[in-house]
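Inspection log for the structure reproduced underneath, given as structure tokens.
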Amino acid sequence: MKKSTIALALATLFVAVPVRAEPGLSTIEARLAALEHRLQVAEQRASAAEIRAEAAEKQAQQLATVQQQTPPAPTDVAQRSAKPELKPSADAGGFEFHGYARSGLLMNSSAAKTQGGPTLTPAGETGGHVGRLGNEPDTYVELNLEHKQTLTNGVTTRFKAMLADGQRTYNDWTADSSDLNLRQAFVEIGQLPTFDGAFKDSTVWAGKRFDRDNFDIHWIDSDVVFLAGTGAGFYDIRWGDRARSNLSVYGRTFGDIENNENSAQNYILSLNNFVGPVQLMMSGMRARDNDDREDIDGNKIKSDAANTGVHALLGLHNDSFYGLTDGSAKTALLYGHGLGAEVKSVGSDGALLPQADSWRLASYGITALGDGWHIAPALLAQHSQDRYVKGDSYDWATVNLRLIQEMTQNFEMQYEGSYQYMDLRPEGYRNRNAVSGSFTKLTVAPTLKAGDVGDFLKRPEIRLFASWMNWDHRLDNYASDDAFGSKGFEAGGEWNFGVQMETWF
Amino acid sequence: MKKSTIALALATLFVAVPVRAEPGLSTIEARLAALEHRLQVAEQRASAAEIRAEAAEKQAQQLATVQQQTPPAPTDVAQRSAKPELKPSADAGGFEFHGYARSGLLMNSSAAKTQGGPTLTPAGETGGHVGRLGNEPDTYVELNLEHKQTLTNGVTTRFKAMLADGQRTYNDWTADSSDLNLRQAFVEIGQLPTFDGAFKDSTVWAGKRFDRDNFDIHWIDSDVVFLAGTGAGFYDIRWGDRARSNLSVYGRTFGDIENNENSAQNYILSLNNFVGPVQLMMSGMRARDNDDREDIDGNKIKSDAANTGVHALLGLHNDSFYGLTDGSAKTALLYGHGLGAEVKSVGSDGALLPQADSWRLASYGITALGDGWHIAPALLAQHSQDRYVKGDSYDWATVNLRLIQEMTQNFEMQYEGSYQYMDLRPEGYRNRNAVSGSFTKLTVAPTLKAGDVGDFLKRPEIRLFASWMNWDHRLDNYASDDAFGSKGFEAGGEWNFGVQMETWF
Amino acid sequence: MKKSTIALALATLFVAVPVRAEPGLSTIEARLAALEHRLQVAEQRASAAEIRAEAAEKQAQQLATVQQQTPPAPTDVAQRSAKPELKPSADAGGFEFHGYARSGLLMNSSAAKTQGGPTLTPAGETGGHVGRLGNEPDTYVELNLEHKQTLTNGVTTRFKAMLADGQRTYNDWTADSSDLNLRQAFVEIGQLPTFDGAFKDSTVWAGKRFDRDNFDIHWIDSDVVFLAGTGAGFYDIRWGDRARSNLSVYGRTFGDIENNENSAQNYILSLNNFVGPVQLMMSGMRARDNDDREDIDGNKIKSDAANTGVHALLGLHNDSFYGLTDGSAKTALLYGHGLGAEVKSVGSDGALLPQADSWRLASYGITALGDGWHIAPALLAQHSQDRYVKGDSYDWATVNLRLIQEMTQNFEMQYEGSYQYMDLRPEGYRNRNAVSGSFTKLTVAPTLKAGDVGDFLKRPEIRLFASWMNWDHRLDNYASDDAFGSKGFEAGGEWNFGVQMETWF
């Protein structure tokens, strides 16, 4: 019943009242009629109230039943809210579970073991990834356990620990080959009331981590830039509405940590600036005594290794498909020198020469083509010279194209074409031979999705796939211990088949 | 509105009634005035009721909205309250934590280290487990982290990761001997709206896992069948009200994954059918080039190893104690040939001969005897021939009997008798000697339980125990590196004592 | 009120309406009677609606209160439903997540690798820790996953598993050096209704664990006493209002668990009593055949090792700063003999002689000095003789002082001075040389806190630090493989710098 109806009823009442001053049968008739009308209204209203109260009772009762089944937790939470630092995160609040996982089967056309992975070409050693669809033999898992809280003073805290493992065995018990390790463990503190100005919304962090603003080309399983290690820094120092900077210092370790003479520490100072869609990241690094590292026999490990390096990235983060149509795109140009010449995994390669120079161009975009088709082209190219031996060079370029064709709300066809050209001249480094040539992979993957068919970046997915790969015979000759040219995996056309799940959350 | 006001209104009504005996205009006026007053009161009350009911409805509706966003958990929780030991620790969100753990002390009659475990007899090498009560020296833990969601299109997704470790050291810091590894990592997608007919309620999965429909004999810590590995498949393709099938493909790896020449992949195709209480599981497998595997010196590892195999299981799942009385029972007959001759851990043994034949009979039941006594008999017997060497045979049979005597609502006595006869003829394989003979174990275990005393399958439990074991002297002679005949652990009667916790949730 | 009654009331209404065409007193009487009846009905209905609406309101309000205590989860859940793949999964059930973590950078004045850690002095080998502030090079993490429940019979259960890892490499992927291991896995059962008298509120436990009532001096990262291993026991047997006891048995393992001849098991029986602020802990232990352990060549590992030991701790737990002012303090005197002579890590050292004697004195306090200053002095001193070789002695004493100066609500200055004197006479054991001398460390650490500035035991913290250390030249000579005297780390004054996070929850 509407309020206006009630108001009308009340108005009727007050209008009726003055009439009572002059009683008579006609007046009585009128008043009775009015009463009848009002009574009818009252009855309807009472009836409606009953029905609605009944429904409310029922709902409240159902909810009460549900909530009485979990009584301890709310009480715990209430106590914790009072002094959040000492109380555990047993709760609806502080705990979060995130993860990434892929796992599946990869077999050749004889249903036997085969080679795979985005780094299977000779260029893979220096970061030359190729398309990953229908090309992954491993079970790789990241489990993230987080504890978050917001204190009464408004400060936010976050602790994150990541356990990760990668396995190529299909067996369940993998203790012998286990690589399970703690890849991240860091703390972030944000919204500090004593921070002001540019630091007002900044976050301070310390610990072991992947830098928050790393980004990747998902389809070739390669970061564009991957800054990681143990360190500390600030995120989101805001200079204006569209400008923000991160400042961080990261440490990395070169060599075997158990052997004191064999290890050196590389310290990286990095400034990462964003102005609207433009990113400019600049890093300098120093690893003192990196050229003095000795093996257990006292021999210098690499007496010409670099002790310093620089690294820069210029990026463009489009919220459209290269300004052409709806979608998104990211493009980056990277340069590194000395220890910075490993342009992706910044500061992680202690064998680089002081003269080493690397350039990398990376770009990818996502857009819809209409009629249930979606496209994501990607490019990753790198030139590297004087890398490990004076006069060496490692040049390669990968072009990758992923297509999705929506079939039903839970089923899509995925297609991927991947082409890589490489010209590698190691000058004898680690017994690698100079080779040049190209690699091609074509994949079709019928894919089952829980939802969001057509979205390149929604999971979980379960996919069947068939991949055809071929490459120049010359590439079989690069190394004796790599995939190309290994037993049963030679140039001339290889088929790989399999099934795989992938999820993140 | 107060009750007293209502009482007043009602009193006014009854006061008014006698007046009706003498009708007249003034009386009418009075009655009308009274009516008007009462009507006004009724209107106000109805109005108030409406407003309050409306508010209650709104609140209840808001609460309902919140709770409807997490519908599965409350139901789970409700079931957990009733029988908390069996149900998972599900929660308001998509996260679930499940686990299994046992840990405790095992010592001999001199309070010194001793031997133990369900596989301690020579038959243990081919799956001949004996009773586990009072016979476990290890800390074994499985931690399961799950992420579940129900999408708005009704699709359910599940990600499960299992971390597991087994340790025999009593020390807390076990980094040196750690076997911590990721045993499972898989995704399930169910309730797909585009699936119809027999597939309507089926679930699709992929990843590394234990098959969902494996089952075990808890009291001897042995699966009846254990299908596991990395693969994909369908669960619950329903052919009718009582008939359903699972279809799956699993990969397993033989040999050292780090040594490419040493490894082969075994692919298992399995069809698992259930019609009412009857189960028929049929599997075929192929491991190409398993007989071509070479060690690092280029020598064939086992040139007569099988490349293919078949496996079958016929099972009966009673919801009574063998049709005799209340309780439950499971019985299975298994046959395997070639690579399938490891009948429990399907496809996990790459050393089997093409001629290998194995038969296994497994059965157990649970029932109450009355007066607080409960009984669970179990039988596991296996015949295996031409297993690793032509002409070899491994025959054994275990009979196990577990009894529970309820004492109080938190305390029970557990008794276990375990007898095994074995006749093993390895024909020199791995320097094992032919032996035959029997093993006996008798255990008494005063047991503290959180609740559900008398239930064989409810945990946690903390138990003290004393076990007496004896075996034929001949069994000490099987191998130089196994438990029997090792220093201080010889035939003639051994006592083991200890305390242990066990839990699952 | 039934629908039929409403229908009747409405029927009465419509029956009455035609009568209105012929007005008259009798008609009026009839209509008034009908109105009265209907009004009475309306009143009853409104009354019922009120009562029911009131109840519904109350219930809805209670539910709202419950749900308001866990506000983040519902919101999260709501957001998750919309885009479930990206949002985390928090919960409210029996799960709890706890943890400890520290991680950061430590470098010398040349920004190169350095030595650090509270056990870096020669005394560190026998437990002689020094101040930890500005002196930690590692990433150490403990992740605790717990499952708790309260059964309908009031019984409480708890399962706890702890994963731990310590790493000195700064790199993120640490599979090669990973020490990730399962340090704890135990079950507790409490509030058993069948327990009475002194056992009424006691808790029974079994599994692998750190003893619940261990305590430490946080500032030097050393437990005062650390009882841990695999075992079982009772907590909180209450003899009176102020008196309670714990009874426990713990097993420890000496030697390499993989080598059966190399290992022995040490069983520790411990009684830990508390009367008001006084603690008396008494332990006896026996490791049968510890002196018979052999290496793989059959040589005795240490034929003069102890097989038994005793251990005692007398403690005082003040809820004031040594009775002087507000604050807290803990003091303990420990004595151990034979296997008990490792007085901190009870029963963990299998190399001790039967004659070994150790005394330890430990004390620390916390109090506020006013004006935003806080102080925490600590003392740890130990005398040990006939420890590993007859006639040896290991004496040391550490004095540590931590000061906090509050600056803002999120920022404090921390200062630490640490002094240790040691006189070590190993008599040639493990090629250690006799040395004596002192060590000094001074640290200043500007510290960012989420809140509770000035509280020594609240985390998370992110701190910068500069430490100056010096020690007697003689100490460089203790061992060739320890920190002092290693390359670039010699007496004469060393500066260490760094940044670190620390958290627990």
Side-chain angles (χ1 to χ4, degrees), chain A residues 1 6 9 13 20 23 28 31-32 35 38-39 42 45-46 48-49 52-53 55-56 59-60 63 66 69-70 92 97 99 101 103-105 107 110-113 139 141 143 165 167-175 177-178 180 408-411 448 450-451 460 462 486 499-501 503 505, chain B residues 25 28-29 32 35-36 39-40 42-43 46-47 49-50 53-54 56-57 60 63-64 67 74 77-78 81 92 95 145 147 151 153 155 157 159 161 179-187 189 192-194 204 206-208 210 228-232 251-253 257-258 264-265 267 286 288-289:
Chain A
M1 173 173 249
I6 298 175
L13 178 69
R20 288 163 70 188
I28 288 170
R31 289 172 69 189
L32 283 173
L35 274 174
R38 289 165 58 197
L39 196 52
R45 289 166 61 194
R52 293 162 71 187
Q59 260 187 301
L63 296 175
V66 166
Q69 288 158 358
T70 59
F97 177 51
S103 179
L105 298 175
M107 64 186 83
S110 307
K113 73 168 180 244
T139 293
V141 177
L143 304 174
D165 188 24
Q167 292 294 313
R168 291 210 171 197
T169 172
Y170 291 155
N171 297 342
D172 56 299
W173 182 262
T174 55
S177 57
S178 178
L180 195 62
T408 75
Q409 60 167 308
N410 292 110
F411 187 71
L448 195 71
I462 293 179
S486 67
V499 60
Q500 189 189 36
M501 71 84 171
T503 191
F505 56 90
Chain B
L25 282 184
I28 287 170
E29 288 288 313
L32 282 172
L35 274 175
E36 276 165 358
L39 197 52
Q40 199 170 1
E43 275 171 343
S47 178
E50 275 163 4
E54 191 165 39
E57 278 175 325
L63 296 175
Q67 295 203 336
V77 172
S81 298
F95 175 71
L145 304 176
H147 175 71
L151 305 192
N153 60 3
V155 174
T157 75
F159 167 69
D179 275 345
L180 196 61
N181 72 100
L182 189 76
R183 286 195 83 176
Q184 298 192 74
F186 65 84
V187 158
I189 303 179
L192 285 156
T194 52
V204 191
K208 180 172 290 200
F210 304 167
T230 304
R252 301 274 318 176
T253 301
I257 194 74
E258 308 294 332
Q265 287 170 359
Y267 289 95
R286 194 179 79 127
R288 199 167 180 267
D289 303 328

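Excluded from the calculations below are hydrogen atoms, water molecules and symmetry mates; all remaining heavy atoms, backbone and side chain alike, are included. Letters go in sequence order (proteins before strands), and every chain restarts at 1.
B:Thr230 OG1 to A:Met501 CE: the interatomic distance, rounded to the nearest 0.5 Å, is 9.5 Å. In this structure, A:Thr139 OG1 and B:Leu182 CG are separated by 8.0 Å, a value rounded to the nearest 0.5 Å. Here the straight-line distance linking atom CD of B:Gln265 with atom OH of A:Tyr170 works out to 4.0 Å at 0.5 Å rounding. Taken to the nearest 0.5 Å, the CG atom of A:Asn410 stands 6.0 Å off from the CG atom of B:Asn153. The CE atom of A:Met107 lies 12.5 Å from the CZ atom of B:Arg288; values are rounded to the nearest 0.5 Å.
Counting only heavy atoms from C-beta outward, the side chains of B:Thr194 and A:Phe411 never approach each other to under 4.5 Å.
Note on ring orientation: taking the six-membered ring where Trp is involved, the planes of B:Phe159 and A:Phe505 are tilted (angle from 30° to 60°).
The two residues A:Ala450 and B:Val155 have their closest heavy-atom pair at O-CG2, 3.4 Å. When all heavy atoms of A:Val141 and B:Ala185 are compared, the closest pair comes out as CG2-CB, 3.6 Å.
For a residue to count as touching a neighbouring chain, one of its non-hydrogen atoms must lie under 4.5 Å from one of that chain's; by this rule A:Asp165 touches chain B with the side chain only. For chain A, the nearby part of B:Phe186 is the backbone; its heavy atoms alone come within less than 4.5 Å. Contact annotation for A:Gln167: only side-chain heavy atoms (C-beta onward) come within less than 4.5 Å of a heavy atom of chain B. B:Ala161 touches chain A through its side chain: at least one heavy atom from C-beta onward sits under 4.5 Å away, while N, CA, C and O do not. Using a 4.5 Å cut-off between heavy atoms, B:Glu258 touches chain A through its side chain atoms alone.
Residues passing the side chain to side chain donor-acceptor pair (under 3.5 Å) test with A:Thr169: none are found, sequence neighbours excluded. For A:Asp172, the side chain to side chain donor-acceptor pair (under 3.5 Å) partners are B:Arg183, B:Arg252, not counting sequence neighbours.
Between the A:Ser178 side chain and the B:Asn181 main chain, no donor and acceptor come within less than 3.5 Å of each other.
Options A:Ser110, A:Gly99, A:Gly104, A:Ala101 differ in how many heavy-atom pairs under 4.5 Å they form with chain B, and the most are formed by A:Ser110. For the options B:Asp289, B:Thr157, B:Leu145, heavy-atom pairs under 4.5 Å to chain A are most numerous at B:Leu145. The residue among A:Thr503, A:Thr174, A:Val499 with the most heavy atom pairs within less than 4.5 Å of chain B is A:Thr174. Options B:Gly229, B:Gly251, B:Ala264 differ in how many heavy-atom pairs under 4.5 Å they form with chain A, and the most are formed by B:Gly251.
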